[in-house]
Asks: 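Handing you this structure, nothing more for now.
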Amino acid sequence: MKKYSTLGEFIINNQKHFKGSSGELSRLLNAIRLAAKVVNHQVNRAGLVDILGNAGEVNIQGEEQQKLDVYANEIFMHTLINREIVCGIASEEEDDFVAIKGNNGKNDNKYILLMDPLDGSSNVDVNVSVGTIFSVYERITPEGQPVTKDDFLQKGNKQVAAGYVVYGTSTMIVYTTGNGVNGFTLNPAIGTFYLSHPNMNFPKKGNIYSINEANYIHFPQGVKDYLKYIQKQVEKGHKYTSRYIGSLVSDYHRNMIKGGIYIYPQSTNNPKGKLRLLYECNPMAFLAEQSNGMATDGYQRIMDIKPTELHQRVPFFCGSKNMMTKAAEFMSNYAGDAMY
Ligand code: AHM
Ligand code: MG
(Lines give C-alpha, C1' and ligand atoms only; values in the text may rest on other atoms or scores of the structure.)
(Ligands and ions follow the chains in the order given, each with its own letter.)
Protein backbone atom coordinates (compact mmCIF):
# COMPACT_ATOMS: atom_id res chain seq x y z
CA MET A 1 0.00 0.00 0.00
CA LYS A 2 1.32 3.43 -0.94
CA LYS A 3 1.81 5.83 1.90
CA TYR A 4 -0.66 8.54 0.91
CA SER A 5 -3.55 6.62 -0.55
CA THR A 6 -6.93 8.14 -1.03
CA LEU A 7 -10.08 6.39 0.18
CA GLY A 8 -10.97 5.54 -3.43
CA GLU A 9 -7.59 3.87 -4.00
CA PHE A 10 -7.78 2.10 -0.66
CA ILE A 11 -11.23 0.65 -1.42
CA ILE A 12 -10.04 -0.73 -4.76
CA ASN A 13 -6.86 -2.12 -3.21
CA ASN A 14 -8.82 -3.74 -0.41
CA GLN A 15 -11.19 -5.42 -2.85
CA LYS A 16 -8.31 -7.66 -3.96
CA HIS A 17 -8.28 -9.24 -0.49
CA PHE A 18 -11.83 -10.57 -0.93
CA LYS A 19 -11.71 -13.75 -2.98
CA GLY A 20 -14.25 -13.73 -5.78
CA SER A 21 -15.27 -10.15 -4.99
CA SER A 22 -17.80 -8.71 -7.42
CA GLY A 23 -16.93 -5.14 -6.47
CA GLU A 24 -20.38 -4.60 -4.95
CA LEU A 25 -19.05 -3.75 -1.51
CA SER A 26 -16.54 -1.34 -3.07
CA ARG A 27 -19.35 0.42 -4.92
CA LEU A 28 -21.36 0.61 -1.72
CA LEU A 29 -18.44 2.17 0.18
CA ASN A 30 -17.94 4.63 -2.66
CA ALA A 31 -21.59 5.68 -2.43
CA ILE A 32 -21.19 6.26 1.32
CA ARG A 33 -18.10 8.36 0.59
CA LEU A 34 -20.11 10.53 -1.81
CA ALA A 35 -23.10 10.96 0.51
CA ALA A 36 -20.73 11.83 3.38
CA LYS A 37 -19.27 14.68 1.35
CA VAL A 38 -22.71 16.10 0.57
CA VAL A 39 -23.84 15.89 4.21
CA ASN A 40 -20.52 17.37 5.34
CA HIS A 41 -21.11 20.38 3.13
CA GLN A 42 -24.52 20.98 4.68
CA VAL A 43 -23.39 20.35 8.27
CA ASN A 44 -20.68 22.97 7.79
CA ARG A 45 -23.32 25.51 6.78
CA ALA A 46 -25.38 24.83 9.92
CA GLY A 47 -24.16 28.00 11.62
CA LEU A 48 -25.66 30.02 8.79
CA VAL A 49 -29.26 28.90 9.36
CA ASP A 50 -30.20 32.23 10.88
CA ILE A 51 -29.04 33.89 7.70
CA LEU A 52 -30.21 31.27 5.24
CA GLY A 53 -33.40 30.29 7.07
CA ASN A 54 -34.37 27.88 9.87
CA ALA A 55 -35.71 24.37 9.44
CA GLY A 56 -39.17 24.49 7.90
CA GLU A 57 -38.68 28.06 6.65
CA VAL A 58 -37.98 29.22 3.13
CA ASN A 59 -34.56 30.84 2.82
CA ILE A 60 -33.64 33.85 0.74
CA GLN A 61 -32.88 31.63 -2.24
CA GLY A 62 -36.44 30.34 -2.02
CA GLU A 63 -35.29 26.88 -0.87
CA GLU A 64 -37.11 25.20 1.97
CA GLN A 65 -34.71 24.44 4.85
CA GLN A 66 -34.77 21.00 6.36
CA LYS A 67 -33.67 19.70 9.70
CA LEU A 68 -30.18 18.30 9.21
CA ASP A 69 -31.01 14.78 10.37
CA VAL A 70 -33.88 14.59 7.86
CA TYR A 71 -31.58 15.99 5.18
CA ALA A 72 -28.78 13.51 5.97
CA ASN A 73 -31.28 10.65 5.83
CA GLU A 74 -32.52 11.74 2.41
CA ILE A 75 -29.01 12.15 1.02
CA PHE A 76 -27.86 8.71 2.13
CA MET A 77 -31.12 7.06 1.03
CA HIS A 78 -31.12 8.70 -2.40
CA THR A 79 -27.44 8.07 -3.06
CA LEU A 80 -27.79 4.38 -2.23
CA ILE A 81 -31.12 3.91 -4.00
CA ASN A 82 -30.11 5.77 -7.19
CA ARG A 83 -26.97 3.71 -7.55
CA GLU A 84 -28.88 0.44 -7.07
CA ILE A 85 -26.19 -1.06 -4.87
CA VAL A 86 -28.19 -2.35 -1.92
CA CYS A 87 -31.39 -4.35 -1.77
CA GLY A 88 -32.67 -2.76 1.41
CA ILE A 89 -32.04 0.03 3.89
CA ALA A 90 -33.11 0.50 7.50
CA SER A 91 -32.57 3.89 9.06
CA GLU A 92 -33.04 5.31 12.53
CA GLU A 93 -35.05 8.05 10.78
CA GLU A 94 -37.54 5.64 9.14
CA ASP A 95 -40.27 3.67 10.90
CA ASP A 96 -39.74 0.57 8.77
CA PHE A 97 -37.07 -0.82 6.47
CA VAL A 98 -37.15 0.10 2.78
CA ALA A 99 -36.98 -2.67 0.15
CA ILE A 100 -35.28 -1.51 -3.03
CA LYS A 101 -36.14 -2.66 -6.51
CA GLY A 102 -33.76 -2.24 -9.40
CA ASN A 103 -34.78 -0.87 -12.81
CA ASN A 104 -35.64 -4.41 -13.91
CA GLY A 105 -38.18 -4.61 -11.07
CA LYS A 106 -36.04 -7.19 -9.26
CA ASN A 107 -33.33 -6.79 -6.74
CA ASP A 108 -30.21 -8.74 -7.49
CA ASN A 109 -28.00 -6.90 -5.01
CA LYS A 110 -26.67 -8.85 -2.08
CA TYR A 111 -26.13 -6.23 0.63
CA ILE A 112 -28.42 -4.46 3.03
CA LEU A 113 -27.46 -1.30 4.90
CA LEU A 114 -28.51 0.01 8.30
CA MET A 115 -27.68 3.54 9.41
CA ASP A 116 -28.10 6.37 11.81
CA PRO A 117 -27.77 9.20 9.28
CA LEU A 118 -26.98 11.98 11.77
CA ASP A 119 -26.30 10.77 15.27
CA GLY A 120 -26.17 13.36 18.04
CA SER A 121 -27.95 15.89 15.82
CA SER A 122 -29.03 17.98 18.82
CA ASN A 123 -25.35 18.99 19.01
CA VAL A 124 -25.51 20.76 15.65
CA ASP A 125 -27.11 23.85 17.21
CA VAL A 126 -24.08 24.34 19.46
CA ASN A 127 -21.39 23.61 16.87
CA VAL A 128 -20.39 20.25 18.34
CA SER A 129 -19.32 17.27 16.21
CA VAL A 130 -21.95 14.85 14.94
CA GLY A 131 -21.70 11.65 12.94
CA THR A 132 -23.20 9.15 10.53
CA ILE A 133 -23.03 5.48 11.53
CA PHE A 134 -23.48 2.61 9.07
CA SER A 135 -23.55 -1.16 9.10
CA VAL A 136 -23.58 -3.62 6.17
CA TYR A 137 -24.80 -7.24 6.00
CA GLU A 138 -25.31 -9.78 3.28
CA ARG A 139 -29.00 -10.52 2.76
CA ILE A 140 -30.28 -13.90 3.88
CA THR A 141 -33.31 -14.01 1.56
CA PRO A 142 -32.51 -15.23 -1.98
CA GLU A 143 -31.29 -12.63 -4.47
CA GLY A 144 -33.98 -11.31 -6.80
CA GLN A 145 -36.69 -11.48 -4.12
CA PRO A 146 -37.82 -8.59 -1.93
CA VAL A 147 -35.95 -8.32 1.37
CA THR A 148 -37.79 -9.09 4.59
CA LYS A 149 -37.35 -7.98 8.19
CA ASP A 150 -35.23 -11.09 8.86
CA ASP A 151 -32.52 -9.67 6.59
CA PHE A 152 -32.20 -6.76 9.00
CA LEU A 153 -32.54 -8.67 12.27
CA GLN A 154 -29.20 -10.46 11.97
CA LYS A 155 -26.72 -10.64 14.82
CA GLY A 156 -23.93 -8.06 14.71
CA ASN A 157 -21.35 -10.81 14.27
CA LYS A 158 -22.66 -11.21 10.70
CA GLN A 159 -21.65 -7.67 9.70
CA VAL A 160 -19.58 -7.41 6.53
CA ALA A 161 -18.59 -3.78 7.03
CA ALA A 162 -19.28 -0.96 9.47
CA GLY A 163 -18.09 2.54 10.05
CA TYR A 164 -18.84 6.12 10.78
CA VAL A 165 -18.33 9.59 9.44
CA VAL A 166 -17.43 12.20 12.02
CA TYR A 167 -18.19 15.79 11.03
CA GLY A 168 -15.77 17.49 13.38
CA THR A 169 -12.84 19.87 13.33
CA SER A 170 -11.98 17.77 10.32
CA THR A 171 -14.32 15.34 8.63
CA MET A 172 -13.29 11.70 8.71
CA ILE A 173 -14.54 8.33 7.53
CA VAL A 174 -13.50 5.45 9.77
CA TYR A 175 -14.50 1.95 8.69
CA THR A 176 -13.78 -1.76 8.82
CA THR A 177 -14.48 -4.66 6.51
CA GLY A 178 -13.30 -7.11 9.17
CA ASN A 179 -9.63 -6.58 8.52
CA GLY A 180 -8.71 -3.83 11.00
CA VAL A 181 -9.90 -0.24 11.16
CA ASN A 182 -8.68 2.63 9.00
CA GLY A 183 -9.45 6.34 9.14
CA PHE A 184 -9.54 8.81 6.24
CA THR A 185 -9.55 12.60 6.56
CA LEU A 186 -11.32 14.85 4.08
CA ASN A 187 -9.28 17.53 2.36
CA PRO A 188 -12.18 19.97 1.86
CA ALA A 189 -10.29 21.98 -0.75
CA ILE A 190 -10.45 19.14 -3.26
CA GLY A 191 -13.12 16.89 -1.73
CA THR A 192 -10.81 13.89 -1.34
CA PHE A 193 -10.47 11.61 1.69
CA TYR A 194 -6.87 10.59 2.47
CA LEU A 195 -5.72 7.68 4.60
CA SER A 196 -4.63 9.57 7.72
CA HIS A 197 -5.12 6.94 10.44
CA PRO A 198 -4.03 3.51 9.18
CA ASN A 199 -4.67 0.50 11.40
CA MET A 200 -6.40 2.27 14.30
CA ASN A 201 -6.30 0.60 17.70
CA PHE A 202 -7.52 1.35 21.20
CA PRO A 203 -4.45 1.85 23.40
CA LYS A 204 -4.01 -1.15 25.73
CA LYS A 205 -4.74 0.97 28.78
CA GLY A 206 -7.42 3.63 28.73
CA ASN A 207 -8.02 6.33 31.32
CA ILE A 208 -11.04 8.25 30.00
CA TYR A 209 -14.57 7.45 31.09
CA SER A 210 -17.54 8.81 29.14
CA ILE A 211 -20.98 8.58 30.70
CA ASN A 212 -23.86 10.96 31.37
CA GLU A 213 -23.24 11.11 35.08
CA ALA A 214 -26.31 13.28 35.72
CA ASN A 215 -28.25 10.01 35.54
CA TYR A 216 -26.13 8.47 38.33
CA ILE A 217 -29.03 7.99 40.70
CA HIS A 218 -30.82 5.86 38.08
CA PHE A 219 -27.81 3.67 37.16
CA PRO A 220 -27.53 -0.05 37.99
CA GLN A 221 -25.47 -0.71 41.11
CA GLY A 222 -22.63 -2.26 39.05
CA VAL A 223 -22.14 0.99 37.14
CA LYS A 224 -22.33 3.06 40.32
CA ASP A 225 -19.69 0.83 41.93
CA TYR A 226 -17.44 1.06 38.85
CA LEU A 227 -17.63 4.87 38.84
CA LYS A 228 -16.82 4.99 42.56
CA TYR A 229 -13.89 2.62 41.93
CA ILE A 230 -12.50 4.99 39.28
CA GLN A 231 -12.92 7.99 41.55
CA LYS A 232 -11.14 6.17 44.40
CA GLN A 233 -8.31 5.35 42.00
CA VAL A 234 -8.02 9.07 41.26
CA GLU A 235 -7.83 9.73 45.01
CA LYS A 236 -4.88 7.31 45.10
CA GLY A 237 -3.12 9.29 42.37
CA HIS A 238 -4.13 7.30 39.26
CA LYS A 239 -4.80 9.41 36.20
CA TYR A 240 -8.41 8.95 35.14
CA THR A 241 -10.42 11.67 33.51
CA SER A 242 -14.06 12.15 32.55
CA ARG A 243 -14.99 13.32 29.03
CA TYR A 244 -18.54 13.27 27.68
CA ILE A 245 -19.58 15.08 24.53
CA GLY A 246 -23.01 13.44 24.25
CA SER A 247 -22.33 12.57 20.63
CA LEU A 248 -21.58 8.86 20.38
CA VAL A 249 -19.37 9.01 17.29
CA SER A 250 -17.22 11.79 18.76
CA ASP A 251 -16.98 10.18 22.20
CA TYR A 252 -16.09 6.83 20.61
CA HIS A 253 -13.57 8.40 18.21
CA ARG A 254 -11.71 10.17 21.01
CA ASN A 255 -11.71 7.07 23.21
CA MET A 256 -10.39 4.85 20.41
CA ILE A 257 -7.50 7.24 19.81
CA LYS A 258 -6.71 8.08 23.45
CA GLY A 259 -8.01 5.03 25.32
CA GLY A 260 -11.20 4.98 27.34
CA ILE A 261 -14.64 3.55 27.98
CA TYR A 262 -18.06 4.78 26.83
CA ILE A 263 -21.07 3.67 28.88
CA TYR A 264 -24.77 4.23 28.21
CA PRO A 265 -26.32 1.83 30.73
CA GLN A 266 -29.86 0.78 31.40
CA SER A 267 -31.36 2.90 34.15
CA THR A 268 -34.55 3.19 36.11
CA ASN A 269 -35.75 5.93 33.72
CA ASN A 270 -34.42 4.17 30.56
CA PRO A 271 -34.79 0.47 31.39
CA LYS A 272 -33.37 -0.69 28.03
CA GLY A 273 -30.73 2.00 27.71
CA LYS A 274 -30.98 4.64 25.01
CA LEU A 275 -28.84 3.56 22.09
CA ARG A 276 -30.13 1.43 19.22
CA LEU A 277 -28.67 -2.04 18.76
CA LEU A 278 -28.85 -2.07 14.96
CA TYR A 279 -27.97 1.50 14.02
CA GLU A 280 -25.50 2.47 16.74
CA CYS A 281 -24.25 -0.36 18.97
CA ASN A 282 -23.54 -3.14 16.46
CA PRO A 283 -21.48 -1.02 14.05
CA MET A 284 -19.52 0.56 16.92
CA ALA A 285 -19.01 -2.90 18.44
CA PHE A 286 -17.63 -4.26 15.15
CA LEU A 287 -15.23 -1.31 14.92
CA ALA A 288 -14.21 -1.74 18.57
CA GLU A 289 -13.47 -5.45 18.21
CA GLN A 290 -11.49 -4.77 15.04
CA SER A 291 -9.34 -2.24 16.89
CA ASN A 292 -8.37 -4.09 20.04
CA GLY A 293 -11.40 -2.91 22.02
CA MET A 294 -14.56 -4.55 23.35
CA ALA A 295 -18.31 -3.91 23.35
CA THR A 296 -20.94 -5.43 25.63
CA ASP A 297 -24.31 -4.66 27.18
CA GLY A 298 -22.58 -4.88 30.56
CA TYR A 299 -22.80 -8.68 30.59
CA GLN A 300 -22.69 -10.14 27.09
CA ARG A 301 -21.03 -9.35 23.78
CA ILE A 302 -23.13 -6.84 21.80
CA MET A 303 -22.56 -8.67 18.50
CA ASP A 304 -23.99 -11.93 19.89
CA ILE A 305 -27.39 -10.42 20.75
CA LYS A 306 -30.19 -11.68 18.49
CA PRO A 307 -32.21 -8.59 17.50
CA THR A 308 -35.96 -8.86 17.81
CA GLU A 309 -36.98 -5.45 16.44
CA LEU A 310 -35.51 -2.81 14.16
CA HIS A 311 -35.40 0.04 16.66
CA GLN A 312 -34.40 -2.10 19.65
CA ARG A 313 -32.43 -0.35 22.40
CA VAL A 314 -29.66 -1.91 24.49
CA PRO A 315 -27.30 -0.80 27.23
CA PHE A 316 -23.89 -0.11 25.71
CA PHE A 317 -20.41 -0.47 27.19
CA CYS A 318 -17.56 0.01 24.73
CA GLY A 319 -13.87 0.72 24.89
CA SER A 320 -10.37 -0.26 25.96
CA LYS A 321 -9.97 -3.80 27.24
CA ASN A 322 -8.58 -2.93 30.69
CA MET A 323 -11.51 -0.62 31.50
CA MET A 324 -14.10 -2.94 29.96
CA THR A 325 -12.80 -5.88 32.00
CA LYS A 326 -12.93 -3.90 35.23
CA ALA A 327 -16.45 -2.62 34.49
CA ALA A 328 -17.58 -6.19 33.71
CA GLU A 329 -16.27 -7.33 37.11
CA PHE A 330 -18.47 -4.80 38.90
CA MET A 331 -21.47 -5.58 36.69
CA SER A 332 -21.14 -9.33 37.32
CA ASN A 333 -21.66 -8.73 41.06
CA TYR A 334 -25.26 -7.90 40.18
CA ALA A 335 -25.82 -10.38 37.36
CA GLY A 336 -29.34 -10.94 38.73
CA ASP A 337 -30.19 -7.41 37.54
CA ALA A 338 -29.15 -8.38 34.01
CA MET A 339 -32.71 -8.30 32.67
CA TYR A 340 -33.56 -5.22 30.73
P1 AHM B 1 -29.77 10.37 18.86
O2 AHM B 1 -29.66 9.14 18.00
O3 AHM B 1 -31.20 10.78 19.14
O4 AHM B 1 -28.93 11.51 18.32
O5 AHM B 1 -29.20 9.99 20.31
C6 AHM B 1 -27.98 9.35 20.43
C7 AHM B 1 -27.04 10.21 21.22
C8 AHM B 1 -25.63 9.71 21.20
O9 AHM B 1 -24.88 10.27 20.16
C10 AHM B 1 -25.12 10.17 22.52
O11 AHM B 1 -24.02 9.42 22.95
C12 AHM B 1 -26.31 10.02 23.41
O13 AHM B 1 -27.45 10.12 22.57
C14 AHM B 1 -26.38 11.09 24.45
O15 AHM B 1 -27.50 10.90 25.24
P16 AHM B 1 -27.71 11.76 26.57
O17 AHM B 1 -27.99 13.15 26.12
O18 AHM B 1 -28.87 11.10 27.26
O19 AHM B 1 -26.45 11.66 27.39
MG1 MG C 1 -28.55 8.08 17.06
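Numbering of ligands and ligand atoms starts at 1, following listing order. Owing to the predicted nature of the structure, the values given are computational and were not obtained by experimental measurement.
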Asks: Within the structure provided, determine whether M172 and V165 are in side-chain contact (heavy-atom separation under 4.5 Å).
Replies: no

Asks: Of all the N, O or S atoms in D116, which one sits nearest to the Mg ion (ligand 2)?
Replies: OD2

Asks: Among the N, O or S atoms of E280, which one sits nearest to the Mg ion (ligand 2)?
Replies: OE2

Asks: Would you name the N/O/S atom of D119 that lies closest to the Mg ion (ligand 2)?
Replies: OD1

Asks: Given a heavy-atom cut-off of 4.0 Å, could you list the residues near ligand 1 in chain and number order?
Replies: E92, D116, D119, G120, S121, N212, Y244, G246, S247, L248, Y262, Y264, K274, L275, E280

Asks: Do the side-chain N and O atoms of Q221 and D225 include a donor-acceptor pair separated by under 3.5 angstrom?
Replies: yes

Asks: Return yes if some donor-acceptor pair links the side-chain N/O of T176 with the main-chain N/O of G178 below 3.5 Å, else return no.
Replies: yes

Asks: According to the interplanar angle, ranging from 0 to 90°, do the rings of Y262 and F316 count as parallel (below 30°), tilted (30 to 60°) or perpendicular (above 60°)?
Replies: tilted

Asks: Would you say the ring centroid of H253 lies under 6.0 angstrom from that of Y164?
Replies: yes

Asks: So, are K232 and E235 salt-bridged, with charged N and O less than 4.0 Å apart?
Replies: no

Asks: If the threshold is 4.0 Å, N to carboxylate O, is there a salt bridge linking E289 and R301?
Replies: yes

